[in-house]
Amino acid sequence: MHWPFCLAKCPYCDFNSHVRETIPQERFASALRKELAHDAARTGRRPLRSIFFGGGTPSLMDPETVAALIEDASRYFDAEPDLEITLEANPTSVERAKLASFREAGVNRISLGIQSLDDASLRFLGREHSASQAIAALETARSLFARVSFDLIYARPGQSLSEWSGELDRALSLASDHLSLYQLTIEQGTKFEALYRQGRFHLPDDEQAARLYERTADIAGRHGLLPYEISNYARPGAESRHNLTYWRYQDYIGIGPGAHGRLTIGDDLLAIRRHRAPEPWAGRVEQGGCGSTEEIPLSAEERGREALLMGLRLTEGISCAAFRTRTSREIGECLDPRILDAALEEGYLTFDRERLIATREGRLRLEALLSALVL
Amino acid sequence: MYRAMTATPLSQIRNFSIIAHIDHGKSTLADRLIQSCGALTAREMKDQILDNMELEQERGITIKAQTVRLTYPAKDGKTYILNLMDTPGHVDFAYEVSRSLAACEGSILVVDASQGVEAQTLANVYQAIDANHEIVPVLNKVDLPAADVERVRAQIEEVVGIPADDAVEVSAKTGLNIEGVLEALVTRLPPPEGNAEAPLQALLVDSWYDPYLGVIILVRIKEGTLRRGDKIRMMQAGSTYHVDQVGVFLPKMTPVDSLGPGEMGYINAAIKTVADVAVGDTVTLDRTPAAQPLAGFKPSIPVVWCGLFPIDADDFEKLRDSLGKLRLNDASFHFEAETSAALGFGFRCGFLGLLHLEIIQERLSREFNLDLIATAPSVVYKMHMTDGTQEDLHNPADMPDLAKIEKIEEPWIKATILVQDEYLGSVLTLCSERRGIQMDLTYVGNRAMAVYRLPLNEVVFDFYDRLKSLTRGYASFDYQMDGYEESDLVRISILVNQEPVDALAFVAHRTVAETRGRAICSKLKDLIPRQLFKIAIQASIGSRIIARETLGALSKDVTAKCYGGDISRKRKLLEKQKEGKKRMRQFGKVEIPQSAFLAALKMD
């Protein structure tokens with residue numbers, strides 16, 4: 001469920017987010033519910049493993065809307081007993097005050113956009129909260145929810161290994177069982193892109209970024225959090241089930257402006273994309289029940305590529321059997337044999353009858369690996 | 001309207017050329033001569049009208065010979081016909097120069113009165129002396145404060161070895177004493193000889209392509225008479241043509257009924273391309289041919305070769321068209337299609353010399369808007385094979401197996417370098433580093449003239465640039481071909497992950513092979529972006545590795561975040577990268593962007 005509104009646009013963020021003077025809560029609440037009902041009618045009853053409220057800033061939603069959407073989904077689908085319902089929240093005091101009502105609404109996992117525990121860095125990142133507000137929000141969240149995760153952005157301009165180690169150590173002492181640790185990247189169309197191009201700040205070079213990445217994994221590991229994906233760390237069993245669905249290339253419905261879905265309908269696996277702009281999306285939903293701008297059946301080759309792109313981000317890699325079922329292809333058919341051999345020899349990949357796995361060395365160079373490896 | 005030429009007596013014709021170093025004022029002097037003979041009105045006068053190619057004007061050099069017929073009423077009361085033959089000023093066009101000189105009986109030697117004699121001037125003046133020319137020294141720019149007439153006069157006598165006490169002192173720029181030059185031409189140069197009734201012998205001096213008229217050829221009549229409507233025969237090529245038009249340059253093309261002995265003019269005869277006619281050939285009449293062609297004909301042969309590749313592969317056909325169009329006007333360069341694993345489709349091109357190469361390259365980029373990359377220039381090696389056959393090699397990539405080669409010969413040049421005393425030491429060091437053998441070293445005032453024999457192969461390898469930087473641009477350099485000699489040459493291959501990069505292969509003397517191989521490997525190491533796998537960059541002679549660099553694998557390349565569920569974006573990015581790989585060259589398990597090789601070649 002994509003809630004597309006934010007109080008302010010962060011300079012690094014290229015997600016589909018929009019700032020409005022007043023948010024038309026009711027209109028968007030009913031449009032989200034209508035689009036969900038529309039897709040549920042197409043799929044029929046299927047098992048439901050997770051719901052994720054992302055954005056944008058979904059903690060700006062009315063808790064009643066969240067509650068209604070959870071109720072609807074539970075009615076349309078067969079919810080698994082341990083259904084995971086995550087909501088992304090910003091650690092401002094206003095949103096912190098709403099956390100209890102989100103729990104009332106049925107949310108059972110909170111993901112906080114903390115980004116940094118350093119006030120100067122928070123200002124650089126254009127965040128609306130301070131480090132102490134972040135810690136307070138985290139404490140509240142932990143007192144209310146059994147499962148709490150938060151995001152940090154590292155490999156920031158000028159960040160040294162020891163500074164980051166200290167910040168991460170503190171973060172881990174506050175963490176429960178899940179963390180998303182992203183290196184700062186410059187995305188197209190963001191304010192950071194313009195500043196970076198003007199040379200207003202510099203990023204760590206690849207070697208420094210690699211050292212920071214490795215140090216991150218070491219420190220998280222010492223606290224018992226293991227990397228299960230490029231940027232995600234969890235105590236075994238506490239992985240985000242929702243995100244695993246993306247990476248394992250299983251079906252998901254995306255509701256809301258700019259949301260994406262992968263949905264099996266009959267023999268087709270559809271790539272679904274909703275209109276990005278909030279109001280036109282809502283207009284489409286109000287008229288025809290859904291805001292899709294694209295519903296394209298994916299070829300076997302495209303499915304193979306997508307499964308590889310996502311699956312190799314995971315520490316567990318890709319299950320050969322699941323790959324075959326999902327794509328109607330063998331993994332081997334989708335790979336350049338020369339690059340596969342070289343990557344196996346170099347220790348970037350392991351490959352047996354069961355799984356194809358990118359090793360830590362392989363994951364560190366995944367973009368280059370994928371672009372050479374995947375046919 | 002055809003102008004009936006009043007048959008000018010031979011005694012009232014003078015044919016001359018002008019020899020000068022770049023910037024010494026040749027074109028300005030020519031302009032003044034034309035102007036003072038009234039060939040053009042002031043309004044028609046455009047500075048340096050003889051250099052009419054854009055590039056010629058800009059670089060101040062003459063690429064194609066031009067000619068103009070002047071009418072001069074001399075002090076002796078007679079009116080003379082003065083034919084000015086402008087000659088290319090560079091050794092690359094030495095053969096064209098020699099043919100132009102063969103069309104005249106005398107030369108004006110223009111020397112800048114402040115700069116003095118330069119190496120290039122020397123080579124041309126010696127050619128004029130070889131052509132039995134009477135030489136009139138002219139000291140130009142005598143009005144400048146820096147002019148040192150006496151010193152330069154002495155220099156001409158010492159260095160060139162011709163008397164200079166009656167040198168004409170002028171300022172072409174201000175028009176000072178142009179009359180003196182014209183009088184010297186009339187009184188000091190011999191008139192041409194020839195018999196109007198003899199079988200036609202006309203020297204083919206130049207040819208060029210005119211978009212309206214087709215090929216125009218420039219001739220100097222030695223014997224006999226050429227008329228409009230004649231059927232002519234090229235004595236070397238054997239081809240025949242009907243003469244549609246004969247004419248002279250005033251300097252505008254002006255048709256005449258006939259050209260007699262001693263005259264210069266043009267022929268338009270429906271010739272399709274300049275490749276059909278060769279400079280130096282003898283034009284005669286088909287019906288009453290001369291018994292013998294004029295002496296000294298030789299076809300022009302490229303001495304420097306390189307590969308030209310379009311940076312954008314889609315420009316290949318455009319490059320082919322453009323080379324064809326240039327060849328319409330310049331038969332002296334050659335091209336054939338070539339495929340390189342590293343650079344794609346292009347052409348192997350042969351040139352008369354390095355300047356010729358540079359000019360063609362520049363015209364391709366300027367007139368045809370082509371973005372090109374050139375491989376390192378190669379000279380032509382003579383390969384004597386063990387089976388007794390002989391082959392010419394002009395592409396190092398084509399070098400046969402060493403076991404099949406009995407011996408290799410390389411071309412040598414005789415180079416003349418004039419340089420200020422303070423830079424002489426570094427110039428001598430450069431020459432000996434390049435396997436040069438000193439033939440002569442003389443001082444003229446504060447300048448030295450060094451004559452060296454050098455392998456041409458060492459000169460095409462950044463010699464000019466080094467010379468320029470060592471002497472802050474003050475050295476003047478010229479050379480002429482000086483035969484072939486056996487040499488201990490090896491082909492150095494550059495290998496990327498054990499696979500040869502054809503475009504980077506080169507031939508060098510064994511003694512410098514390792515140093516150059518190492519330099520290229522280290523340059524490539526800096527230019528190739530780090531890849532997924534480590535890359536071995538090696539230089540080898542046959543199977544022996546002489547230099548090696550290892551480029552480590554890239555240390556990190558992964559996007560931290562995956563846009564919530566937007567897999568399409570990542571897939572499309574991947575698919576786009578696959579498209580982009582058309583610009584990549586596969587070397588085993590790594591793909592290297594063509595741009596890295598282009599950059600490596602550009603730095604040479």
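Below, chain A is the first sequence line, B the second, and so on; all start at residue 1.
- Using a 4.5 Å cut-off between heavy atoms, A:R211 makes no contact with chain B at all.
- Only the side chain of B:L574 comes within contact range of chain A, judged by heavy atoms closer than 4.5 Å.
- With a threshold of 4.5 angstrom between heavy atoms, A:I230 approaches chain B through side-chain atoms but not through N, CA, C or O.
- Taking the centre of each ring, B:F347 and B:F316 come in below the 6.0 Å mark.
- For chain B, the option among A:E306, A:R262, A:R273 with the highest count of heavy-atom pairs below 4.5 Å is A:E306.
- By the side chain to side chain contact (heavy atoms under 4.5 Å, CB included) test, A:D218 pairs with A:R360, sequence neighbours left out.
- In this structure, A:Y246 has its ring center at least 6.0 angstrom away from the ring center of A:H260.
- Your options are A:L369, A:N232, A:T185, and the one with the most heavy-atom pairs under 4.5 Å with chain B is A:L369.
- Neither the backbone nor the side chain of A:I153 comes within less than 4.5 Å of any heavy atom in chain B.
- The closest side-chain heavy-atom distance from B:I546 to B:R516 is not below 4.5 Å.
- Residue contact with chain B, scored on non-hydrogen atoms closer than 4.5 Å, involves the backbone and the side chain of A:Q183 alike.
- Residue contact with chain B, scored on non-hydrogen atoms closer than 4.5 Å, involves the backbone and the side chain of A:E302 alike.
- In terms of heavy-atom pairs under 4.5 angstrom with chain B, the leader among A:L184, A:D206, A:L181 is A:D206.
- For the residue pair A:T86 / A:E88, no side-chain donor-acceptor distance below 3.5 Å is found, with atom types taken as modelled.
- In this structure, the portions of A:R365 lying under 4.5 Å from any heavy atom of chain B include both its backbone and its side chain.
- Just one residue in the list B:V507, B:I541, B:D398 forms a side-chain contact (heavy atoms from CB on, under 4.5 Å) with B:R491, and that residue is B:V507.
- There is no contact between A:A155 and chain B, counting heavy-atom distances below 4.5 Å.
- Residues passing the ring-ring contact (aromatic ring centres under 6.0 Å, His included) test with A:Y154 are A:W164, sequence neighbours excluded.
- In this structure, the side chains of B:M399 and B:Y381 stay at 4.5 Å or more apart for every pair of heavy atoms.
- Chain B forms more heavy-atom pairs under 4.5 Å with one residue of A:V374, A:L364, A:T245 than with any other, namely A:L364.
- Residue contact with chain B, scored on non-hydrogen atoms closer than 4.5 Å, is absent for A:F52.
- Interface remark: A:A209 contributes backbone and side-chain atoms alike to the contact with chain B (heavy atom separation under 4.5 Å).
- Side chains of A:P204 and A:Q159 form no contact here, defined as non-hydrogen atoms less than 4.5 Å apart.
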